[in-house]
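All chains are named by letter (A, B, ...) in the order of the sequence lines, taking the proteins before the strands, and each is independently numbered beginning at 1.
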Protein chains: 2
Amino acid sequence: MPDERTAPGSPAPAGEGARRRPTSADVARRAGVSRATVSFVLNDNPTQRISPATREAVLAAAAELGYLPSPHAAALRSGRSKLVLMLVPHWASSETVMRYLELAGSHLAEHGLLSVTHIERSAPLRELLTAVHPAAVLSLVPLSDEESALLAQAGVVEVHGYIADFPDRTRTVTLNQEHMGHAQATHLVDRGYDRLVYVAGPEIGHPIRPAGRLAGARAAADEHGVPLEHRTYRTEDELAALVDAWHSSEGRLGVCAFDDVTALEVLASLRTHGVDVPGHVGIVGMDDIPAARFSEPPLTTVRPQLGPQALAVAHATLEALDVPFDDTEKVASGEMPVAAVVQRSST
Amino acid sequence: MPDERTAPGSPAPAGEGARRRPTSADVARRAGVSRATVSFVLNDNPTQRISPATREAVLAAAAELGYLPSPHAAALRSGRSKLVLMLVPHWASSETVMRYLELAGSHLAEHGLLSVTHIERSAPLRELLTAVHPAAVLSLVPLSDEESALLAQAGVVEVHGYIADFPDRTRTVTLNQEHMGHAQATHLVDRGYDRLVYVAGPEIGHPIRPAGRLAGARAAADEHGVPLEHRTYRTEDELAALVDAWHSSEGRLGVCAFDDVTALEVLASLRTHGVDVPGHVGIVGMDDIPAARFSEPPLTTVRPQLGPQALAVAHATLEALDVPFDDTEKVASGEMPVAAVVQRSST
DNA sequence: CTGTTAGCGCGTTCAC
DNA sequence: GTGAACGCGCTAACAG
């Protein structure tokens, strides 16, 4: 690691777009008042009375200078920042997850909390905390004990908004995986499939295990007295073998796929083998990706309900930070309606 | 808004994880040295000689206390932060874009810059700058004049890493759209299609216009003396009409689709109409989404090369911040190899 | 009432 | 190796 500080190559680091940011002192000077007054006006401090005249003068000066209070100074003084840091594992940066974070971020913004996302991998948490000091960290996956300790020491509140089933910690909201499998299986049973299979392909680079979804599907199968098997495949050939067996089986088989991409792969194999879909075999995916609409036949799928989840995690964050919020619409994290079947053909 | 501060529900808001963060003064006390010494040791300040003994003492004390320097105090003092804020419009939070940001973030991290992402929509930039004061802002889309002015006033460097063709500003790196269309058209011509169509569907919620990609496709068509038409559809019926016309046309028609989802939709319609793909009509998508592998037939597509783009934008950022970097691998932004054809069947 | 002075919070850095 | 000042916004104590 060539640890050259200021390389000889760059002679004058000045000049850059680095114009000095106007400070409250600048505003005070321009308005002909003290810095304290500026602060009182700009923060609408109710413990102080300021004449409309000076008030106007200060606001005008601030506007003309394009004054922005320094987050550093403010946070340093008050000890609390308005920032929420969302931690996303790099394998989870999907569109769905991003929409989830966006929704949660909107809710937090309504309560004065700004949120930014860090896609983990580029730098360890310890280093990250060297650059930002958020009021809270919202993690989509469990944090290690070291990381938790780090946050505790830094006085940063820890909130968990899991996108998969992980062991609960304090302040945990989880996108319930059981519901997903349950919805898939129920849909298939309702459509008259009298035998179920839960299928997962090779997991490519993410640690979400089918266990939760499978358990949900199994529960639904049990409720209806329908048998359910669990199958996985690692290669195209293994998948072909599965499909082959299904082809020559009796009755109507319902397939719950781990996700839409898996479902599309299975569906492709079913086509290749000339299996009658949805007549002999029915299949349901999970996620409702755009491509699901255009397969042959179009894929039935289950869409996660991100709205309630996002709201719940936002509430958990607000609560942890002692920010008051209207809890009439508070969502019970245990009863979140996380999945709904999207009706399409294919079954 | 019921502005109750400490809700009756939570009796003792104390005890929270809010233990006071240890400061450099704490470390100094514990090590029996001055705060200045602590700073020198922890920053490996080369202008100061510290005896190994004190050095050890300081490091030990810091470790025992779990000391983390406050980013606020550091930034306040030094005037510069190590943070890069990436701005993503909410319509662009796709997997591809996230991978792009992740790659750029990794490069920046190698040079001591930490990056966080803000998905625009939840809060305006002005408010955001109230919570974080980054050294640079990296935006994926053009900023408004107000926003630019805001950043300039705040002394924040502005870098553009466009994911589509937008008018260039200073420090702009663009994921060249022409290359994409060019690659699609070239592939089709190479496969013997003697007539081309560029197709775009209804754009759903994003402002990326096909113009650049279309122009690239046209250029490729011209190079080979092949005619190219531009077609758009808004509804399924309009698409059906297009496909119908193609069905009864002469020769071999090559279709360049705006993106993979569009391609899959067109492909579905081609199937419905019984068009011979890839015999009579060939089609190429753009993006290489996972689902492309499982359509009927599997979709040929073009994958954007994010690596060079990410590297280029990271370099642009480092340059703007006067951070020295090894520019032997510097990428010329004008000549970025942004697209490569992924071989599949279908054509 | 209206506004000012002074000092804090924390890490960095200059001068001794 | 240390003392002290600094960067910037907030607010308790105080004066007009």
Side-chain angles (χ1 to χ4, degrees), chain A residues 5-6 18-59 61-62 65 67-82 129-133 153-155, chain B residues 18 20-59 61-62 65 67-82 129-133 135 153-155:
Chain A
R5 279 218 146 286
T6 316
R19 169 144 86 277
R20 197 179 65 81
R21 179 171 176 145
T23 74
S24 84
D26 295 324
V27 177
R29 225 181 330 272
R30 198 167 215 284
V33 297
S34 74
R35 287 165 54 215
T37 306
V38 171
S39 178
F40 291 144
V41 170
L42 264 35
N43 296 325
D44 277 321
N45 190 320
T47 73
Q48 301 284 330
R49 310 251 114 244
I50 305 290
S51 75
T54 16
R55 181 184 196 71
E56 278 315 307
V58 169
L59 291 175
L65 292 172
Y67 169 72
L68 282 178
S70 153
H72 299 310
L76 180 57
R77 173 66 190 147
S78 68
R80 46 175 71 254
S81 93
K82 305 192 293 180
L129 290 181
T130 284
V132 283
H133 187 176
Q153 277 173 340
Chain B
R20 196 179 65 82
R21 179 171 178 146
T23 74
S24 85
D26 296 324
V27 177
R29 223 179 332 271
R30 201 169 213 286
V33 298
S34 72
R35 289 163 54 213
T37 307
V38 172
S39 176
F40 292 145
V41 170
L42 264 35
N43 297 325
D44 278 320
N45 190 321
T47 72
Q48 302 283 329
R49 307 249 118 245
I50 306 287
S51 78
T54 18
R55 179 185 195 70
E56 279 314 308
V58 169
L59 290 175
L65 292 172
Y67 170 70
L68 283 176
S70 153
H72 298 310
L76 180 57
R77 173 64 194 153
S78 68
R80 48 176 68 255
S81 94
K82 305 193 292 180
L129 290 180
T130 285
V132 284
H133 187 175
Q153 278 172 342

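- Separating the CG atom in A/Leu68 from the CD atom in B/Gln153 is a distance of 7.0 Å, to the nearest 0.5 Å.
- Rounded to whole Å, the distance from CG on A/Leu65 to P on D/dG9 is 12 Å.
- When all heavy atoms of A/Arg21 and A/Pro69 are compared, the closest pair comes out as NH2-O, 3.1 Å.
- Summarising the geometry, the separation between CG on A/Asp26 and C1' on D/dG9 is reported as 13 Å, rounded to the nearest angstrom.
- Heavy atoms only, all atoms of each residue included: B/Ala31 and B/Ala61 are closest at CB-CB, 4.0 Å.
- Regarding B/Arg35, its CZ atom lies at a distance of 15 Å from the P atom of D/dG7, rounded to whole Å.
- In this structure, CG of B/Leu76 is placed 12 Å from P of D/dC10, rounded to the nearest angstrom.
- Residue A/Thr37 is in base contact, counting any heavy-atom pair closer than 4.0 Å across all strands shown.
- Of the two residues contacting DNA chain D, namely B/Arg55 and A/Thr23, the nearest-nucleotide position lying further toward the 5' end is that of B/Arg55.
- Here B/Ile50 lies in heavy-atom contact (under 4.0 Å) with sugar-phosphate atoms only.
- Spacing between atom CZ of B/Arg29 and atom P of D/dG3 amounts to 13 Å, rounded to whole angstrom units.
- For the pair B/Ser51 and B/Ala74, both in contact range of DNA chain D, the more 5′-proximal nearest nucleotide belongs to B/Ser51.
- For B/Val33, counting side-chain heavy atoms from C-beta on, the closest listed nucleotide (D/dC10, D/dT2, D/dA12) is D/dT2.
- The shortest heavy-atom contact between A/Ser24 and A/Val38 is O-CG2, 4.1 Å.
- For the residue pair B/Arg77/A/His72, the side-chain donor-acceptor check at 3.5 Å is not satisfied.
- Mapping heavy-atom proximity under 4.0 Å, the span of DNA chain C touched by chain B runs 5' to 3' from C/dC10 to C/dC14.
- Closest to the side chain of A/Arg77, from the set D/dA13, D/dC10, D/dG7, is D/dC10.
- The salt bridge (Lys or Arg N to Asp or Glu O under 4.0 Å) pairs that include a residue from residues 22-40 of chain B are B/Arg20-B/Asp26, B/Asp26-B/Arg29, B/Arg30-B/Glu64, where partners are two or more places apart or lie in different chains.
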(Q) Walk me through whether A/Val41 and A/Leu59 qualify under side chain to side chain contact (heavy atoms under 4.5 Å, CB included). (A) CA-CA 8 Å; A/Val41 170; A/Leu59 291 175; 4.0 Å; yes
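- Proximity of B/Ser34 to the phosphate of D/dT2: a side-chain N or O atom is located under 4.0 Å from OP1 or OP2.
- Of all heavy-atom pairs spanning A/Ser81 and A/Ala75, the tightest one is CB-CB, 4.3 Å.
- At whole-Å resolution of the value, CD in A/Gln48 and C1' in D/dA13 are 10 Å apart.
- Using a 4.0 Å cut-off, no side-chain N or O of A/Asn45 falls inside it from OP1 or OP2 of D/dC10.
- We find the CG-OG1 distance between A/Leu42 and A/Thr37 to be 11.0 Å, quoted to the nearest 0.5 Å.
- Residue contacts shown for B/Ser70 are limited to sugar-phosphate atoms, with no base heavy atom under 4.0 Å away.
- Taking the C1' atoms of five terminal pairs at each end of the helix from C/dC1-D/dG16 to C/dC16-D/dG1, the two resulting helix axes are inclined by 50°, rounded to 10°.
- Counting non-hydrogen atoms under 4.0 angstrom, B/Thr47 reaches nothing in the nucleic acid.
- Expressed to the nearest 0.5 Å, how far CG of B/Asp44 lies from CD1 of B/Ile50 amounts to 10.5 Å.
- Put simply, NE2 on B/His72 is 13 Å from P on D/dC10, counting in whole angstrom units.
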